[in-house]
Amino acid sequence: MSDQQLQLGVDDALIALQRAWEHALEVLAGQINKPSFESWIRTAKPVSLDGDLVRIVTNSRFAKHWLESKHLPLIKEILETHLQRSLRVRVDLTEGDHDEPALMADKLPAKPKSRPKPDDEPISLPLNSQYNFDNFVVGPTNRLAHACAMAIAERPGKTYNPLFLYGGAGLGKTHLMHAIGHVVSQTMPDVRVAYVSGEAFTYHYITSLREHRTAEFRRQYRSIDLWLVDDIHFLIGKERTEEEFFHTYNAIHDMGKQIVLTSDRAPKDLELDARLLSRFQAGMLADISPPDLETRMAILQSKAQCENMTLSDDVILYIAKLIRSNIRQLEGALITLHAYASLMKTSVTLSLAEEVLSKHFGESAPPVVDAQKVLQEVSRKFNVELTDLKGKCRTKDIVGPRQVAMYLMRELTDYSLPAIGKAIGGKDHTTVLHSCKRIEQKIASDKGFASQIGELSRRIAGGQG
Ligand code: ADP
Ligand code: MG
């Protein structure tokens, strides 16, 4: 074999490995929480395929440990399936500086002289450079959280302390938290920012216990000025770590330093020490709920623009209606669609979107709600006759429910604006749009109304299955 052929063979193998790795990333991204994924998996790279040995490198001892102890079997399986052969997979550290926290430092081989003292090493996980205020789309369901995050980014420690952000998966909690971190690091370089997930805190603490380095652990945490703690619910059921967290929390808070926390549920629903919960509750609580249709469309538009994708309005509407409760999945849909279109060298049309996405996102397919169902439920809820809902009467107690009906049709059915107008007794599409906006404004400004509409919407959608 000539050198050139040999080189080609090696290149091909590497390309195949790279492809298989990308596939593994996709699978892992769906299984691992985002901060951990971004910090420990995204940063790892496959570097060689030598015989049956795949070498993956990472620059962090923590990532190496984490990959080896938790994810290697799955990674191996995916790579094997993809490359259609049996493999051994090894995780190595890259040469030079590692970014591991000091807690693991004494496991390191001899360090070069220039290495910082363990105390100076960062405990923070890296911030994702993509998570900024600029590209965060604000809508009625995340407006409060966004406003609080902005206020803190401008004046950490001076407004709400702590800020507790909570809500379901994929709704932007981590995004806002990183955005705060970026602004503060850029505008106040002296402020020591530490972004730590509940999982990383647990790991740091346990390692420090095992290695008899708790004093150092405490010293490090107590030097933080802005503490961003993501996914605090991870501490549930880990009593000793929770106790340590409690003391760390008090120490940082008592020094007047800013703390921001996120969780997948409200403090009252967290099974943590009551003393800790009362401290969370004493701060500012802001929940993020799933975005409404308009916001989902705006997010898709903004993401598509970033990816240089042109999407027609009907495709955007289709995706926004298909995926309703998780922005990460919205992004996933867009990326999948983008990949298919470029693979098949075609443009993204509605029929391509339907074909590709219904398959991948089938479970979260919207219930098939028809307009009649919406009208019936609205009529029952507000005690208004169907004929009045569809009629021309403009008294307040009928116009309100009529607007709600239009809003819910837009949210829950696949009717276009003109079709909704027709279903409500022959209104034109600008009336429908105006009605939807009115209801959105009211939802944003009136919590009681928002929950009433949420409940009604769930009843209509849930009643289908
Ligand atoms: P969470 O921490 O609540 O699970 P993330 O912050 O990880 O969710 O968000 C999931 C994905 O959705 C991220 O890629 C994030 O950039 C994106 N995202 C969430 N909310 C918004 C928003 N309002 N505007 C733009 N992108 C968003
Ligand atoms: Mg998160």
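Reckoned from all heavy atoms, side chains included, excluding hydrogens, waters and symmetry mates. Note that this is a predicted model, so its numbers are computed, not measured. Both counts, for ligands and for their atoms, begin at 1 and track the order of listing.
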For this session: Looking only at non-hydrogen atoms, find the nearest pair between D190 and D225 and report the distance.
Result: O-OD2, 3.7 Å
Problem set entry | Any side-chain donor near an acceptor of the partner, Y221 and H204, under 3.5 Å | yes
Seminar exercise, completed: Note: heavy atom closest to atom 3 (O) of ligand 1, options H175, R328, K173, belongs to K173
Seminar exercise, completed: Logged contact type for I288 with ligand 1, heavy-atom cut-off 4.0 Å, is neither
Exercise. Hey, does K303 sit under 4.0 Å from ligand 1 if you only count heavy atoms?
Worked result: yes
Problem set entry | Atoms of ligand 1 close to N142 [distance to a heavy atom under 4.0 angstrom, numbered from 1] | 23 (N)
For this session: Can you sort out the partners of D287 under salt bridge (charged side-chain N to carboxylate O under 4.0 Å, His left out), two or more places apart, ordered by chain and number?
Result: K447
For this session: Mark up the atoms of ligand 1 that fall under 4.0 Å of a heavy atom belonging to F136, in ascending order.
Result: 20 (N), 21 (C), 22 (C), 23 (N), 24 (N)
Problem set entry | Proximal ligand 1 atoms for N135, defined as those under 4.0 Å from one of its heavy atoms | 24 (N), 25 (C)
Exercise. Is the Mg ion (ligand 2) under 2.8 Å from any N, O or S atom of T174?
Worked result: yes
Problem set entry | Residue pairs involving residues 339-349 (criterion side chain to side chain donor-acceptor pair (under 3.5 Å); sequence neighbours excluded) | T349-S351
Exercise. Can you find a pair of side-chain heavy atoms, one from I56 and one from W21, that are under 4.5 Å apart?
Worked result: yes
For this session: Indicate yes or no: does an N/O atom of I327 lie under 3.5 Å from an N/O atom of ligand 1?
Result: no
For this session: May I ask you to test the L226-Y195 pair for a side-chain heavy-atom distance under 4.5 Å?
Result: no
For this session: Give the atoms of ligand 1, by number and element, whose distance to some non-hydrogen atom of G172 is under 4.0 Å.
Result: 1 (P), 3 (O), 5 (P), 6 (O), 8 (O), 9 (O), 19 (C), 20 (N)
Seminar exercise, completed: ligand 1 atoms nearer than 4.0 angstrom to some heavy atom of A169 are 4 (O)
Exercise. In Å and rounded to the nearest 0.5 Å, what is the NZ to CE distance from K437 to M406?
Worked result: 14.0 Å
